Amino acid sequence: ATGLEVNSYNGAAGVYNYGLIDAYAVGGIAVALGAVAASDYDSAFVGNSYYIDALAYGDSYARATGAVASGYDWAITRNEGSISAYAASNGLAIAIGSITESDDGYAALYNVALIEAEANGYSAWAYGAIVDGYTDAYVYNTGDILATSTGYYSTAIGLDAFSYAGDVL
């Protein structure tokens with residue numbers, strides 16, 4: 001299930017949310033994506049001022065991702081509302097609140113509100129936010145970035161920011 005997805009091959013891709021974006025998936029294998037902006041050879045932007053939610057309930061596998069900004073030149077996620085991801089499974093559960101990634105440029109996350117991820121499963125992984133920039137990765141946070149994980153094998157990471165060739169600030 002996908003709440004909203006915008007893809008561009010050569011141009012910029014942007015999501016500007018002022019309402020509710022919700023994705024809900026249930027099944028043996030369940031995948032839910034809240035809001036996605038992706039560009040293969042340009043930039044990507046996700047702006048949120050209200051709610052983006054992704055919920056996945058799977059028998060053997062569940063993955064929920066709240067917001068994704070994936071661009072080539074640069075990618076930015078700006079959150080002034082709530083971005084959340086919840087995944088539950090008897091097997092593997094993965095929840096990621098926000099992914100901001102750039103293949104050849106910088107990635108930046110600006111959060112002044114709430115980004116959260118919760119995973120519950122036999123094996124459970126939760127990431128509040130991932131910022132992956134090729135040249136640089138920037139994080140500006142005055143809000144809350146939360147990750148909660150429950151399971152026999154369980155990992156929770158609030159913020160994971162990295163860069164292949166530049167600074168992480």
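Values in this document were obtained by computation on a predicted structure and should not be read as measured data. All values below come from the heavy atoms of this structure, side chains included, with hydrogens, waters and symmetry mates left out.
For the atom pair CG (Leu109) and CD1 (Ile115), the distance works out to 4.5 Å, reported to the nearest 0.5 Å. Atom-to-atom distance recorded for Ile94:CD1 and Tyr61:OH is 4.0 Å, nearest 0.5 angstrom. Glu80 CD to Asn48 CG: the interatomic distance, rounded to the nearest 0.5 Å, is 8.5 Å. Atom CD in Glu116 sits 5.5 Å away from atom OG in Ser82 (nearest 0.5 Å). Here CD1 of Ile21 is found 9.5 Å from CG of Asp53. Values are rounded to the nearest 0.5 Å. Rounding to the nearest 0.5 Å gives a distance of 9.0 Å between OH of Tyr164 and CG of Asp103.
Between Ala64 and Ala54, the shortest heavy-atom distance links the atoms CB-O, 3.6 Å. Contact record, Ala67 with Ile52: CB-CD1, 4.5 Å, taken as the closest heavy-atom pair. Scanning all heavy atoms of the two residues, the minimum distance from Ala126 to Ala147 falls at O-CB, 3.8 Å. Minimum interatomic distance between Ala1 and Ala23 (heavy atoms only, all atoms of both residues): O-CB, 3.8 Å. Considering every non-hydrogen atom in both Ala93 and Ala119, the closest pair reads O-CB, 3.7 Å. Between Ala95 and Ala117 the shortest heavy-atom distance is O-CB, 3.6 Å.
Between Leu4 and Asn17, the closest side-chain pair of non-hydrogen atoms is not below 4.5 Å. The side-chain heavy atoms of Arg63 and Ile96, taken from C-beta on, include a pair separated by under 4.5 Å. Between Asp22 and Leu55, some side-chain heavy-atom pair lies under the 4.5 Å cut-off.
Around atom OH of Tyr72, no more than 12 heavy atoms belonging to other residues, nucleotides or ligands sit under 6.0 Å away. Within a 6.0 Å sphere centred on OH of Tyr57, other residues, nucleotides and ligands contribute more than 12 heavy atoms.
In the hydrophobic clustering of this structure, Ile157 does not group with Tyr152; members are Ile, Leu, Val, Met, Phe, Trp, Tyr whose side-chain heavy atoms approach within less than 4.5 Å, directly or through other members. Hydrophobic cluster membership differs between Tyr110 and Ile99, with clusters built from Ile, Leu, Val, Met, Phe, Trp and Tyr side chains linked at under 4.5 angstrom. No continuous path of ILVMFWY side-chain contacts below 4.5 Å connects Ile145 to Tyr140, so the two sit in separate hydrophobic clusters. Cluster annotation: Val112 is connected to Leu169 through the hydrophobic network of ILVMFWY side chains, with a link wherever side-chain heavy atoms come within less than 4.5 Å. Hydrophobic clustering (side-chain heavy atoms under 4.5 Å, transitive across Ile, Leu, Val, Met, Phe, Trp, Tyr) keeps Leu114 apart from Leu20.
Counting only distance, with no hydrogens or angles, the side chain of Ser149 and the backbone of Ser154 share no donor-acceptor pair below 3.5 Å.
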Run the side-chain donor-acceptor check on residues 25-45: report pairs under 3.5 Å with partners two or more places apart or on a different chain.
{"unit_1": "Ser39", "atom_1": "OG", "unit_2": "Gly11", "atom_2": "O", "d": "2.5"}
{"unit_1": "Ser39", "atom_1": "OG", "unit_2": "Asp42", "atom_2": "N", "d": "3.0"}
{"unit_1": "Asp42", "atom_1": "OD2", "unit_2": "Ala12", "atom_2": "N", "d": "3.4"}

Contacts under 3.5 angstrom, residues 129-137 side chains, donor-acceptor by atom type, not counting sequence neighbours:
{"unit_1": "Thr135", "atom_1": "OG1", "unit_2": "Gly105", "atom_2": "O", "d": "3.2"}
{"unit_1": "Thr135", "atom_1": "OG1", "unit_2": "Tyr106", "atom_2": "N", "d": "3.3"}
{"unit_1": "Asp136", "atom_1": "OD1", "unit_2": "Asp167", "atom_2": "N", "d": "2.7"}
{"unit_1": "Asp136", "atom_1": "OD2", "unit_2": "Tyr138", "atom_2": "OH", "d": "3.4"}

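Evaluation of the side chain to side chain contact (heavy atoms under 4.5 Å, CB included) rule for Ser123 yields Leu92, Trp125, Tyr153 as partners, not counting sequence neighbours.
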